[in-house]
Structure formats: C-alpha cells, structure tokens
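All heavy atoms count here, side chains included; hydrogens, waters and symmetry mates do not. Because the structure is a prediction, the values reported are computed rather than measured.
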Amino acid sequence: MNQNKLRDVCLITIAMFVISISIYFFLIPSGIIVGSISGLAMVLNQIIPLSISVITLILNVGLLILGFIFVGKEFASKSIYTSILLPVFLAVFEFLFPVSTSLTGNSVYDLISYTLIIAFGQAILFNINASSGGLDIVGKIISKYSHMEIGKALTLCGFITSMTSILVYDIGTLIVSLIGTYANGIAIDYFIGGFHKKKICILSDEYQTIQEFIMHKMQRGVTIYKATGGYLNEERTELVTIMTTSEYKKLLDYLHRANFQAFVTVSTVNEVIGTWNIHKKR
C-alpha cells in the first residue's frame with residue numbers, strides 16, 4: 001500500500017469514527033430522525049425486528065451498487081470500506097456503551113451536536129472522493145450529474161427520507177428532521193469549503209518578488225499571464241497559483257506585511273489532477 005492510499009485509509013477510519021459517534025450518542029438516543037440512512041434505519045427499526053446496525057448494513061449494500069455504477073470504482077471501493085465501518089462502530093458502541101436516553105437531555109442540543117460532528121466527518125470523506133455510504137452515495141450521484149453542491153444534493157434527498165419519520169413519529173419530529181437535514185447540508189458545504197484548494201490570481205507591479213516568494217518559500221508553482229486593463233489599456237502581469245486554505249492565509253499575510261499594492265481574487269477549486277506543487281531539485 002502506497003503512502004497516499006494509507007493516508008486515505010487512515011482519514012476514512014477517523015472520519016467514520018467521528019460519524020459513528022454523532023449517530024450513536026446524539027442521533028439515536030434523542031429520537032431525532034434526520035434525513036439519512038441512519039434516520040431511515042431508525043424508522044424501520046420500529047417496524048421490523050432488526051437492529052439499527054443490521055438495517056444500516058442492508059440498505060448500504062444496495063446503494064453501494066448504485067455508487068459503483070454511477071460514480072466509479074474508486075468511490076465505490078472507498079464507500080464499501082466506510083459502509084462496513086459504520087455498522088461495526090455502531091455494534092461496538094451498542095456493546096460497550098448501551099445508551100437509551102439523550103446525553104444532553106435536550107433534543108435541540110442533540111441536533112446541533114449531531115449536525116456539526118457528522119458534517120465534519122462527511123466533509124473529510126468527500127474531500128478524498130469517499131462517502132459514509134447511504135444517502136451520501138445518492139447525494140454524490142446527484143451532485144455529479146447536476147453539478148449541484150454536495151451539501152444541497154444531500155439536503156434534497158434527505159428531505160425525502162425525512163418524510164418517512166411521520167410513519168412512526170409525530171409532526172414535531174418531522175419538522176425537527178427537516179430542519180436538521182437542512183442544517184446538515186449547509187454545514188457540509190461550509191466544512192468542504194475549508195478543505196478545498198484555492199485558485200489565487202494576483203495583479204501587482206511587484207509580481208516578480210511575489211513569484212519568488214511563492215516558488216521558493218512556499219514551494220508552489222506559478223503560471224504567468226499577460227493581461228490588459230480595459231480602462232487604461234495598460235499591459236499588466238497576472239500570477240495564478242493553487243494553494244490549500246492554510247497556504248493561502250500565509251500568502252495573504254505575506255502580502256499584507258510587505259505592503260504591496262496588489263489586486264487578489266480567490267476561487268474554490270473542487271479538483272486538481274496532476275502535479276501542482278514544486279519539488280526542489282537535488
């Protein structure tokens with residue numbers, strides 16, 4: 001196993017542990033039915049004599065097949081691993097920490113805790129082209145073919161799943177489920193925005209100094225374009241580079257400290273293919 005695959009396995013395991021904690025300790029004991037496979041499993045658990053962990057496994061198998069067909073082999077293989085981890089972690093928690101009541105004693109606190117914790121774990125997975133299985137696979141399929149942000153895609157299919165809560169719970173539970181599903185989608189997009197790389201465009205008379213800093217201090221590549229201003233018709237030089245969010249903050253701090261006159265625009269990059277960093281020659 002190479003270093004990148006080992007890193008992905010470690011990140012997936014950590015993310016699924018985080019997701020399992022949010023489901024077992026906040027979602028299940030509070031009785032909140034958020035639009036997810038786990039929420040649907042909670043509804044089915046009231047109807048059929050199977051544990052939540054078993055129902056979750058069965059539902060995930062069918063959705064994994066769809067993920068393999070519509071998203072791809074890499075995504076499906078990673079999602080198989082996560083789909084195994086989730087019921088395993090839930091079963092371990094069921095054995096070690098039997099919980100029947102809410103930890104916080106307040107459904108609103110449970111909902112907030114669940115939403116933030118699971119969204120963080122999901123964002124880690126989506127950032128490495130994986131998912132926690134279940135509705136995440138459906139959301140990924142919708143996002144791929146509609147170009148919708150993944151959080152909004154999950155909200156859409158989550159709303160449909162949330163409606164099943166009315167079968168075994170009251171209208172109040174349904175409303176909370178819809179609110180939680182919407183909040184979860186927003187939180188996922190927020191966290192994913194922090195993981196994604198940034199495309200940074202810089203216009204400055206000090207472009208050569210800035211270029212040297214990016215290439216030799218930050219070890220990042222730079223593309224140089226000639227640009228002509230529409231108002232004065234003057235030719236300028238534009239630097240374009242791709243960085244992580246933390247690296248971008250360092251670059252911005254450098255520009256502020258150097259007190260350069262610079263015009264900077266930033267956009268989010270969803271995917272980078274190929275080599276995008278500079279390695280020193282030895």
Undergrad: State yes or no: do Ile137 and Tyr145 share one hydrophobic cluster built from I, L, V, M, F, W and Y residues joined by side-chain heavy-atom distances below 4.5 Å, directly or via other members?
TA: yes
Undergrad: Among Ile55, Val54, Val61, which residue satisfies the side chain to side chain contact (heavy atoms under 4.5 Å, CB included) criterion with Ile58?
TA: Val54
Undergrad: Give, for atom OG1 of Thr209 and atom OH of Tyr207, the distance between the pair rounded to the nearest 0.5 Å.
TA: 10.0 Å
Undergrad: Can you tell me how far apart OG (Ser77) and NZ (Lys5) are? Round to the nearest 0.5 Å.
TA: 8.5 Å
Undergrad: When rounded to the nearest 0.5 angstrom, what distance separates CG in Asn45 from CD1 in Ile48?
TA: 8.0 Å
Undergrad: Look at the side chain of Ser143 and the backbone N and O of Ala153, then say whether any donor-acceptor pair between them is shorter than 3.5 Å.
TA: no
Undergrad: Any chance you could measure Ile21, atom CD1, to Tyr24, atom OH, to the nearest 0.5 Å?
TA: 12.0 Å
Undergrad: Any side-chain heavy atom of Ile200 sitting closer than 4.5 Å to one from Ile214?
TA: no
Undergrad: Give the ring-plane orientation class for Phe89 versus Phe17, where under 30° counts as parallel, over 60° as perpendicular and anything between as tilted.
TA: perpendicular
Undergrad: So do the side chains of Leu251 and Met243 get within less than 4.5 Å of each other, counting heavy atoms only?
TA: yes
Undergrad: Does any part of the side chain of Phe263, heavy atoms only, come nearer than 4.5 Å to the side chain of Ser204, both counted from C-beta?
TA: no
Undergrad: Does Ser20 form a side-chain contact (heavy atoms from CB on, under 4.5 Å) with Leu86? I'd like the steps, not just the answer.
TA: CA-CA 6 Å; Ser20 300; Leu86 179 58; 3.5 Å; yes
Undergrad: Taking CZ in Phe70 as the centre, count heavy atoms belonging to other residues, nucleotides or ligands within less than 6.0 Å. Is the count above 12?
TA: no
Undergrad: Please examine the side chains of Lys152 and Leu156, heavy atoms only from C-beta on, and report whether any two atoms are closer than 4.5 Å.
TA: no
Undergrad: Establish whether Val71 and Ile65 are linked, either directly or via other cluster members, by ILVMFWY side-chain heavy-atom contacts under 4.5 Å.
TA: yes
Undergrad: Assess whether side-chain contact (heavy atoms from CB on, under 4.5 Å) is satisfied between Leu44 and Leu59, documenting all intermediate values.
TA: CA-CA 11 Å; Leu44 295 177; Leu59 292 173; 4.2 Å; yes
Undergrad: Take Phe25 and Phe97 through the test side-chain contact (heavy atoms from CB on, under 4.5 Å) and record every step on the way to the result.
TA: CA-CA 9 Å; Phe25 291 101; Phe97 310 105; 4.0 Å; yes
Undergrad: Are Phe120 and Tyr109 connected in the hydrophobic side-chain network, where two residues link if heavy atoms are under 4.5 Å apart?
TA: no
Undergrad: So does Glu235 get a backbone contact from the side chain of Thr228, meaning a donor-acceptor N/O pair under 3.5 Å?
TA: no
Undergrad: Would you say that Leu239 contacts Thr223 through its side chain, given a criterion of any heavy-atom pair below 4.5 Å between the two side chains?
TA: no
Undergrad: Would a distance-only check, ignoring hydrogens and angles, find a side-chain to backbone donor-acceptor pair under 3.5 Å from Thr82 to Ser79?
TA: yes
Undergrad: Of all heavy-atom pairs between Ile202 and Ala262, which one has the smallest distance, and what is that distance?
TA: CG2-CB, 4.3 Å
Undergrad: Could you tell me which non-hydrogen atom of Ser22 sits nearest to which non-hydrogen atom of Ile118, and how far apart they are?
TA: OG-CB, 3.3 Å
Undergrad: Under the side-chain contact (heavy atoms from CB on, under 4.5 Å) criterion, do Arg257 and Asp253 qualify, and how do the steps go?
TA: CA-CA 6 Å; Arg257 286 188 288 106; Asp253 180 63; 2.9 Å; yes
Undergrad: What's in the same ILVMFWY side-chain cluster as Val240, cut-off under 4.5 Å, chained through other members?
TA: Tyr225
Undergrad: Tell me whether Phe68 at atom CZ has more than 12 heavy atoms from other residues, nucleotides or ligands lying less than 6.0 Å away.
TA: no
Undergrad: Rounded at 0.5 Å granularity, tell me how far NZ in Lys250 sits from CG in Leu255.
TA: 14.5 Å
Undergrad: Without swapping roles, check the side chain of Lys78 against the backbone of Lys73 for a donor-acceptor pair under 3.5 Å.
TA: no
Undergrad: Any non-hydrogen side-chain atom of Tyr114 less than 4.5 Å from a side-chain atom of Ile23?
TA: yes
Undergrad: Taking the side chain from Ser113 and the backbone from Asp110, do they hold a donor-acceptor pair closer than 3.5 Å?
TA: no
Undergrad: Can you find a pair of side-chain heavy atoms, one from Ser131 and one from Lys140, that are under 4.5 Å apart?
TA: no
Undergrad: Say whether Leu203 and Val264 are linked into one hydrophobic cluster, either directly or through other cluster members, by side-chain heavy-atom distances under 4.5 angstrom.
TA: no
Undergrad: Within the side chain of Tyr248, is there an N or O that forms a donor-acceptor pair under 3.5 Å with the backbone of Ile242?
TA: no
Undergrad: With rounding to the nearest 0.5 angstrom, report the CD1 to CZ distance, Ile112 to Phe26.
TA: 11.5 Å
Undergrad: Any side-chain heavy atom of Thr265 sitting closer than 4.5 Å to one from Lys199?
TA: no
Undergrad: For the backbone of Ile128 and the side chain of Asp8, can you confirm whether one donor and one acceptor N or O come within less than 3.5 Å of each other?
TA: no
Undergrad: Mark yes when over 12 heavy atoms from residues, nucleotides or ligands other than Phe75 sit less than 6.0 Å from its CZ; otherwise mark no.
TA: yes
